[in-house]
Amino acid sequence: MLTGVTAPGPQHSAAALRGLLDLLAQGAAAEEFDRPATAARQAGASAAELAEIAEAAAVVLRIRRTLSQHRVREAQLTALFDTASDLAALRDLDAVLRAIVHRAKLLLGTDVTYLSLNDDTAGDTYMRVTDGSVAKAFQRVRLGMGEGLGGLVAQTARPYATGDYQADTRFHHTTTIDSAVLDEGLRAILGVPLRLGSHIIGVLYAADRAPREFTAGEVALLSSLADHAAIAIDGARLLEETRAALVDLNAASETIRTHSEAMRRAEEAHDQLTDLVLQGAGPELLGSIALTGRAGLADADRLLFERASVVTALLMLLRRSVAETEDRVRGELLGDLLSRTGDPGTLAARARRLGVNLTRRHSVFVAHSEVAPRHRLLAATARSAQARNGLAGLHHDHVVLVAPSEEPGPAAQALAAELGQAVGCPVTVGAAGPATGPADLPHAHNEADRCLSALRALGHTGSGGAVADLGFIGVLLGDQADLGGYVRRTLGPVLDYDSRRGTDLVATLDAYFAEGASLTRTRALLHVHVNTVVQRLERIGRLLGQDWNTPARTLEIQLALRLHQLTQGL
């Protein structure tokens, strides 16, 4: 009875009791709890007071041990829960097993932990994974059911522990097992079953190289870990079996898919080839077809390939005949349009039957290649015409294309690149338009032809463009010269700048050229400082481009200045 706690006596007892409680609250070491009694004795406490203090110290020490045990158990349970969480996150069986023995080693603080799994076929249990082991023979040992500590645990499904295995006569000792344990230097061993329901799948061990006794708490802790471990092992096994089954299933599915695909190809080929044969046939041999990259063909594939080659030839003949007929019809219509042959209404009706709408605005393109044969260029142009809902053919020994287009220049550039790629060599394309109706097409053809001649003469082989893209040369070539358009294309940025800012860059530019590009004479003519002239010319360079003062550009700019003066005076 702790009378000093419930009914404090003299002053020495009360002080000692308070000291004991303070030490308990601070978590002091056990030897620290002698200090209150020593202090009371030195202060002259009576024998009764010292006895009361001793009784209180004993009670406080029991409370301390209980609290310490609770803290240890709490830490073990926390670690056990963490272990269960970690094991649940693992999917690979080897990783699960390594994690189990490593966590067991941490929880029990032993020298070695290891795990054996039962082999139902062989009727024994074998070492699967170890942590802390150094002996190779120990890591490969197998135990028959009932042999050694582990074999007894695996057979009886009960935990067993020994403080000194070699001296313990409870177990069936064998030379192999004892030798392996001796090589590893183990003395104290604890083994608990890995249990799935009533089925034992293995044994989990904790061992020390020095004799010791395992407490009931340690046995319970390792058993709890073994229960979690068994579930994790079973889950990892099931996952591996599922993965293997999925691999087998995928292989089977691939085999089925391959066979199904082969059947589908055969069925589709049969239907398509039958339809093609029903369309008609011709006797001409168009060439041969070869299959490479395979060691051999099955009979069904060989027959399919032979039938495909025959029908392919028929299809090629049919398509070629149709294409030649359609190209001839389109070429005849193009010739009549450019020659003004026939009634406009009849020409429009013929065009509609070919999918060409002559009520739309069309541009005319004349193509030429220095290298490609004319028939190749014509064939490529005919394909381009069909893609554009236009017409193509030969007219006056020129390859001509008529197609809907509002911008003949950019369209000619694109067509030159397209035809050049098709025939494998440069193709030059002159363009004109757009024509507002069939009656304007001959005139547009003449202009496109002149544009092509100019492109070739200027060395622009392999490019395309319209007269508007040729600068002042286009102005000279065009029958209906767009003088205002030429001035805008050449001087537009400068004219707009003067209009917005109220400046007179155009007059500065005209004076600069009039005075032979002399800054001094230009300054005198304009009655400004030479730096002003320089600044204006720099502004003009930013507006027209840095090459504005090159010979070719200055010629165009001067012509545009004269045309601007003429149009302003009109």
Side-chain angles (χ1 to χ4, degrees), residues 319-320 323-339 351 354-356 360-435 440-479 552:
R319 288 185 174 178
R320 191 181 71 179
E324 288 176 351
T325 301
E326 185 173 349
D327 290 344
R328 184 172 61 253
V329 172
R330 288 175 175 271
E332 290 173 355
L333 175 58
L334 177 65
D336 292 343
L337 285 170
L338 298 183
S339 302
L354 296 174
V356 177
R360 298 178 60 185
R361 288 158 60 88
H362 286 66
S363 294
V364 180
F365 306 89
V366 182
H368 176 79
S369 175
E370 306 288 347
V371 180
R374 184 182 298 170
H375 71 276
R376 287 186 57 196
L377 180 58
L378 177 59
T381 306
R383 291 192 295 270
S384 297
Q386 291 185 7
R388 292 172 169 81
N389 293 324
L391 301 171
L394 287 176
H395 186 68
H396 295 169
D397 293 330
H398 291 157
V399 176
V400 181
L401 183 148
V402 174
S405 176
E406 293 288 342
E407 298 181 346
Q413 295 176 12
L415 183 61
E418 178 183 327
L419 295 178
Q421 184 175 9
V423 301
C425 58
V427 175
T428 309
V429 178
D440 289 342
L441 290 176
H443 167 73
H445 169 258
N446 292 334
E447 184 174 316
D449 188 28
R450 292 195 301 272
C451 180
L452 173 63
S453 299
L455 288 171
R456 296 174 61 192
L458 293 173
H460 297 328
T461 302
S463 64
V467 292
D469 303 316
L470 299 178
F472 72 92
I473 295 178
V475 174
L476 299 176
L477 290 175
D479 287 344

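Residue numbers start at 1 and run along the sequence shown.
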Minimum heavy-atom distance between Pro408 and Ala431, given as atom pair plus value: O-CB, 3.6 Å
Atom of Ala382, atom of Ala392 and distance for their closest heavy-atom approach: CA-CB, 3.8 Å
Reported CG-to-NE2 distance for the pair Leu394 and His375, which is rounded to 0.5 angstrom: 11.5 Å
Point-to-point distance, once rounded to the nearest 0.5 Å, from OG1 of Thr381 to CD of Glu418: 9.0 Å
Inter-residue atom distance Leu378.CG - Arg383.CZ, 0.5 Å rounding: 10.0 Å
Rounded distance (nearest 0.5 Å) linking atom CZ of Arg376 with atom CG of Leu419: 11.5 Å
Side-chain touch His368/Leu455, heavy atoms, less than 4.5 angstrom: no
Check against side chain to side chain donor-acceptor pair (under 3.5 Å), Glu370 and Thr461: CA-CA 9 Å; Glu370 306 288 347; Thr461 302; 5.2 Å; no
Short side-chain to backbone donor-acceptor contact, Ser363 and Ser405, under 3.5 Å: yes
Verdict with supporting geometry, His398 and Leu452, side chain to side chain contact (heavy atoms under 4.5 Å, CB included): CA-CA 11 Å; His398 291 157; Leu452 173 63; 5.6 Å; no
Between CG on residue Leu401 and NE2 on residue His395, distance to nearest 0.5 Å: 14.0 Å
CA sep, side-chain torsions, deciding dist, call: Arg374, Asp397, side chain to side chain contact (heavy atoms under 4.5 Å, CB included): CA-CA 9 Å; Arg374 184 182 298 170; Asp397 293 330; 3.6 Å; yes
Asp449 and His396, any side-chain heavy atoms less than 4.5 Å apart: no
Minimum heavy-atom distance Ala367-Val427, with the two atoms named: CB-CG1, 4.2 Å
More than 12 heavy atoms from other groups under 6.0 Å of CD on Glu406: yes
Shortest non-hydrogen contact from Leu441 toward Ala435: CD2-CB, 3.8 Å
Exercise: identify the closest heavy-atom pair between Arg361 and Pro434: NH2-CG, 2.9 Å
Gln386 side, atom CD; Leu391 side, atom CG - distance, nearest 0.5 Å: 10.0 Å
Closest contact, heavy atoms only, Gly464 versus Ala416: N-CB, 4.0 Å
Residue from Val364, Asp440, Val402 passing side chain to side chain contact (heavy atoms under 4.5 Å, CB included) with His445: Val364
